[in-house]
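Okay, structure first, notes after.
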2 protein chains.
Amino acid sequence: MTDEEPRQEEGEGRFLADYDPHAFAPAAVTVDVVALTIRSGDPHVLLTRRAAHPQRGWWALPGGFVRAQDGPDGPADPDLPDAALRVLSEKTLLPTELHLEQLGTYGARGRDPRMRVFSVAYMLLAPGLPDPRTGRDTEEAAWVPWRELGHGDGAHASRELAFDHGRVLTDAVERARSKLEYTALATAFLPPAFTITALREVYQAVWGQPLHAANFHRKILATPGFVEDTGELAERGGAGGGRRARLYRAGGAALLHPPLLRSTQSATRGTPR
Amino acid sequence: MTDEEPRQEEGEGRFLADYDPHAFAPAAVTVDVVALTIRSGDPHVLLTRRAAHPQRGWWALPGGFVRAQDGPDGPADPDLPDAALRVLSEKTLLPTELHLEQLGTYGARGRDPRMRVFSVAYMLLAPGLPDPRTGRDTEEAAWVPWRELGHGDGAHASRELAFDHGRVLTDAVERARSKLEYTALATAFLPPAFTITALREVYQAVWGQPLHAANFHRKILATPGFVEDTGELAERGGAGGGRRARLYRAGGAALLHPPLLRSTQSATRGTPR
DNA sequence: CCTAGTTATTCTCAGAATGAGTTTCTCTCT
DNA sequence: AGAGAGAAACTCATTCTGAGAATAACTAGG
């Protein structure tokens, strides 16, 4: 139920005047954000240690209550993405370029002992985010590599998350992996200008598998709208020399046709490595 | 914020006892369902005419408030999918086989004039659903073909929906179209046993474009885990005779490797026919 | 029974895309 | 200048596609 273009109809005005919102049973809406970035070749996720009850002391995704109305804590969040960014901005500096996408909403009864809570999960991708603001409200925050959370390839999490955040993270990882195949999402992990090699490293980091450099290069350039040549060259050709790479920017296409599939091997993915 | 396995920690018990859920500003959570089925070769969506304010008299997606707690209206919905099915079961008979999937949550301020409303949208796919229960509470309900709502191919909606339901429907259609490429979702529109031709007709109906029958056949059988041969044959070969088609059932695979892409034409989709 | 019409399934074949290597270009460093 | 490194281009056998033709299995009507 929504209202993009409120229309008055006879009777609707009086109906609204009589309406008591408090007649409803209390329910709260929260946002939780899976913020992903790639640091030195490995995907990392932002986690915070909970300072408040419940589940105090546990590591969790950054999150918080959506401000439904203006109140003592501050003005209402105009929309859900605003709430996600607000919550996240308390933990880390937000970049100018970012990709924010809704993952899903979780609302099983009993998820939170206080009251019925509906939690909207978001995934944020951004290039090279800095270290989190820590120490604030004694809440610790840190970038944690996927592999430490059981998303490297093996399936064992060495660190358990609070609430059902482990599940949310798993969904986010799978979403990111599969969206890399069919969309130009990978560029969200990179600065405005990047090399094909940098783009390949994003794919390798997220998919956790090596890619054939030459074929990747060919495929990227053959996919219309994925990248555009800037005409510039990268500053240096790496540590030990080497040809300077051409710089590209993200093309207009959001969807890749044809897609960039993970090797057919991964379909038969039983024991990778 | 969620709680899959509630853990008591010192201090947490007293904290919960002191907690007043009503201290929060009121917000409501609703579910809206995009129920899709294919009737005589065309995709249809279930719509209802709103009997209550706001937007009384407009056509809208079936939806309603999630029951957060047990109350006079009935017991609480254990989870969001339960709420979606409950809301839908008031409009139509639910089949035993169905696919229910969350689309997303919409929560912009001002969507509903009564209060802050967060609406979780679901998409339901099912084979040959019957005519809706109509007349109940004077609420009208009907299966409406996509094309009448501007999703045939042209971009003009001949019927405007209430709230932002037009947007939700657009998202659902796009989701269904693209999931047909990468997943075995198409079988959700079909009964347990079906022919390759029936499967192709689902693709054609949803994508709105004809497919080469022979190549489709080859591709389906070459995609591991998509369909399994039942060994049976279809009853009759159609009206004017013809070879009896082999019957298949859905295979175990959820994801298709390799995917079944819409023709490369559709990438350059400017004026499809 | 025989034949035309219909639908399902299989074949053929040329063009495009893919996986694995190899080669050529440009840099840096010594 | 020469070696080493990294980017980009080229080669080639294999596989995948799009289009169309051929074959199989039925129905309905003489």
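Every chain is numbered from 1 and lettered A, B, ... according to where its sequence line falls, protein lines coming before strand lines. Basis for what follows: all heavy atoms, side chains included, without hydrogens, waters or symmetry-related copies. Computed from a predicted model, the values in this text were never measured in an experiment.
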Can you check nucleotides 23-25 of chain C for protein contacts, nitrogen or oxygen pairs under 3.5 Å, and list what you find?
residue	atom	partner	partner atom	Å
C:dC25	O4'	A:R243	NH1	3.4
C:dC25	O2	A:R243	NH1	3.4

Closer to the 5' end of DNA chain D via nearest nucleotide, is it B:H212 or A:T195? A:T195
Candidate nucleotides D:dT17, C:dA8, C:dT22, ranked by approach to the side chain of A:A214 - the nearest: C:dT22
Value for CG (A:L129) from CG (A:L94), rounded to nearest 0.5 Å, stands at 8.0 Å
Which residues in residues 215-226 of chain B have at least one heavy atom lying under 4.0 Å from any atom of DNA chain C? B:H217, B:R218
Sugar-phosphate only, base, or nothing, as touched by B:A213 at under 4.0 Å among non-hydrogen atoms: nothing
Sequence neighbours excluded, which residues qualify as side-chain contact (heavy atoms from CB on, under 4.5 Å) partners of A:P224? none
Look only at the side chain of A:R244 and the backbone of A:A234, and say whether a donor-acceptor pair between them is shorter than 3.5 Å. yes
Look at the side chain of A:I196 and decide which nucleotide, out of C:dA8, D:dA8, C:dG21, has an atom nearest to it. D:dA8
Going by an N to O cut-off under 4.0 Å, is there a salt bridge joining A:E101 and A:R175? yes
In terms of the angle between their ring planes, are A:F226 and A:Y203 parallel, tilted or perpendicular, with boundaries placed at 30° and 60°? perpendicular
Taking A:D82 first and then A:R86, would you say they form a salt bridge - that is, a charged N and a carboxylate O separated by under 4.0 Å? no
Nearest 0.5 Å, please: how far is CG in B:L180 from CG in B:L260? 8.5 Å
